[in-house]
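What follows is one structure encoded as structure tokens, with my remarks underneath.
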Amino acid sequence: QVQLQESGGGSVQAGGSLRLSCAASGFTVRNYLMGWFRQAPGKEREGIAAIYTDTGTTYYADSVKGRFTISQDNAKNTLNLQMNSLRPEDTAMYYCAADSRQGLYGNWYDARIYNYWGQGTQVTVSS
């Protein structure tokens with residue numbers, strides 16, 4: 001059974017850092033396109049980062065590039081997101097997602113291509 005569970009969210013002040021983790025079970029993350037999305041109240045779900053092991057490719061939204069780093073720990077079968085220099089506009093529910101079709105049916109930032117989702121973890125950044 002495929003499952004994704006996020007952890008590591010919390011409340012921090014602007015300029016601070018958080019590290020989110022996504023524990024995967026039922027599949028190996030190295031065989032999937034893996035992504036992080038976020039959604040703030042009243043806004044659409046936004047793709048912020050993705051990683052595809054087979055091509056050695058990572059992707060970032062312009063809003064987080066240079067501040068966030070996506071990575072995988074294949075030994076632990078987890079997906080991580082290191083978030084530095086956090087801003088109040090980063091406040092959102094953050095979701096881990098997996099695409100078994102390797103992005104063949106759309107773009108990495110399109111939530112509709114992902115098969116599996118975690119329950120989300122809240123990140124709140126205060127000014």
Side-chain angles (χ1 to χ4, degrees):
Q1 182 178 356
V2 172
Q3 293 189 71
L4 300 170
Q5 293 191 356
E6 303 95 333
S7 62
S11 298
V12 298
Q13 292 188 336
S17 298
L18 284 173
R19 180 178 180 271
L20 306 184
S21 295
C22 172
S25 61
F27 71 101
T28 54
V29 299
R30 63 184 293 272
N31 296 323
Y32 283 57
L33 174 70
M34 302 293 297
W36 284 100
F37 287 74
R38 66 186 183 188
Q39 189 166 22
K43 299 180 67 176
E44 67 180 3
R45 190 163 295 191
E46 174 191 20
I48 57 172
I51 184 168
Y52 184 47
T53 301
D54 283 355
T55 62
T57 305
T58 57
Y59 307 92
Y60 295 96
D62 289 342
S63 59
V64 306
K65 194 169 187 176
R67 300 187 298 121
F68 292 10
T69 302
I70 188 170
S71 63
Q72 293 178 175
D73 186 335
N74 292 323
K76 297 179 179 179
N77 206 39
T78 60
L79 177 73
N80 301 304
L81 184 68
Q82 179 65 46
M83 305 186 295
N84 298 325
S85 302
L86 284 163
R87 305 165 180 168
E89 53 263 41
D90 295 319
T91 296
M93 185 73 74
Y94 283 69
Y95 299 91
C96 170
D99 173 25
S100 66
R101 287 84 53 90
Q102 304 175 344
L104 289 173
Y105 294 91
N107 298 307
W108 69 268
Y109 51 81
D110 186 351
R112 295 173 294 180
I113 74 168
Y114 292 85
N115 307 85
Y116 309 107
W117 293 84
Q119 81 289 344
T121 185
Q122 179 68 38
V123 171
T124 302
V125 185
S126 60
S127 60

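Computed from a predicted model, the values in this text were never measured in an experiment.
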Inset, instruction - Please say whether the positively charged group of R45, taken as NZ for Lys or CZ for Arg, lies over the ring of Y95, i.e. under 6.0 angstrom from the six-membered ring centre and within 45 degrees of the axis. - result: yes

Legend entry - Worked verdict on F37 versus W117 for ring-ring contact (aromatic ring centres under 6.0 Å, His included): CA-CA 10 Å; F37 287 74; W117 293 84; 5.1 Å; yes

Legend entry - Y116 and F27 aromatic ring geometry - parallel, tilted or perpendicular at 30°/60° bounds: parallel

Inset, instruction - Could you tell me the separation between the CD1 atom of I113 and the OG atom of S100, rounded to the nearest 0.5 Å? - result: 10.0 Å

Inset, instruction - Apply side chain to side chain contact (heavy atoms under 4.5 Å, CB included) to the pair E6 and Q119, showing each step before the final yes or no. - result: CA-CA 7 Å; E6 303 95 333; Q119 81 289 344; 3.0 Å; yes

Inset, instruction - For N84 and Q82, run side chain to side chain donor-acceptor pair (under 3.5 Å): C-alpha distance rounded to whole Å, both residues' side-chain angles, the deciding distance at 0.1 Å, then the answer. - result: CA-CA 7 Å; N84 298 325; Q82 179 65 46; 3.0 Å; yes

Inset, instruction - Could you tell me which non-hydrogen atom of S127 sits nearest to which non-hydrogen atom of P88, and how far apart they are? - result: CB-CG, 3.8 Å

Inset, instruction - Mark yes or no for whether Q5, through its side chain, and A23, through its backbone, hold a donor-acceptor pair below 3.5 Å. - result: no

Legend entry - Heavy-atom pair of closest approach, residues A50 and L33: CB-CD1, 4.2 Å

Legend entry - For the student: nearest non-hydrogen atoms of Q102 and N31, plus distance: NE2-O, 3.8 Å

Inset, instruction - Please name the residue in the list L20, L81, L18 that meets the side-chain contact (heavy atoms from CB on, under 4.5 Å) test with T121. - result: L20

Inset, instruction - To the nearest 0.5 angstrom, please state how far the OG atom of S126 sits from the CD atom of Q13. - result: 5.0 Å

Legend entry - Over all atoms of both residues, closest heavy-atom pair of C96 and M34: SG-CE, 4.1 Å

Legend entry - Other residues, nucleotides, ligands: >12 heavy atoms within 6.0 Å of R30 CZ: no

Inset, instruction - Keeping the roles fixed (side chain from D99, backbone from N115), state whether a donor-acceptor pair exists under 3.5 Å. - result: no

Legend entry - Over all atoms of both residues, closest heavy-atom pair of V29 and A24: CG1-CB, 3.6 Å

Inset, instruction - Taking N107 for its side chain and Y109 for its backbone only, find out whether a donor-acceptor pair lies under 3.5 Å. - result: no

Inset, instruction - Find out whether R38 and S63 are in side-chain contact, i.e. whether some heavy atom of one side chain is under 4.5 Å from a heavy atom of the other. - result: yes

Inset, instruction - Calculate, to the nearest 0.5 Å, the distance between atoms CG and OH belonging to D110 and Y105 respectively. - result: 14.5 Å

Legend entry - N80 side chain near Q72 side chain, heavy-atom distance below 4.5 Å: no

Legend entry - Pairwise side-chain contact, Y60 with T69, heavy-atom cut-off 4.5 Å (strictly under): yes

Inset, instruction - Kindly compute the distance separating CG (L4) from OH (Y32), expressed to the nearest 0.5 Å. - result: 9.5 Å

Inset, instruction - Could you tell me whether D62 atom CG has more than 12 heavy atoms of other residues or ligands within 6.0 Å of it? - result: no

Inset, instruction - Report the distance from atom CD of Q3 to atom OG of S25, rounding to the nearest 0.5 Å. - result: 4.5 Å

Inset, instruction - Walk me through it: do N77 and T28 pass the test side chain to side chain contact (heavy atoms under 4.5 Å, CB included)? - result: CA-CA 6 Å; N77 206 39; T28 54; 4.0 Å; yes

Legend entry - S17 and R19 side chains, donor-acceptor separation under 3.5 Å: no

Inset, instruction - Check whether any side-chain heavy atom of L79 lies under 4.5 Å from a side-chain heavy atom of I51, and answer yes or no. - result: yes

Legend entry - Contact check, side chains of W36 and I48, non-hydrogen atoms, under 4.5 Å: yes

Inset, instruction - Check for a donor-acceptor pair, side chain of T91 on one end and backbone N or O of V125 on the other, with a separation under 3.5 Å. - result: yes

Legend entry - Side chains of D90 and F68 in contact at under 4.5 Å (non-hydrogen atoms): yes

Inset, instruction - Identify the two heavy atoms, one from M93 and one from G120, that lie closest to each other, and give their separation to 0.1 Å. - result: SD-C, 3.7 Å

Legend entry - Y94 side, atom OH; C22 side, atom SG - distance, nearest 0.5 Å: 15.0 Å

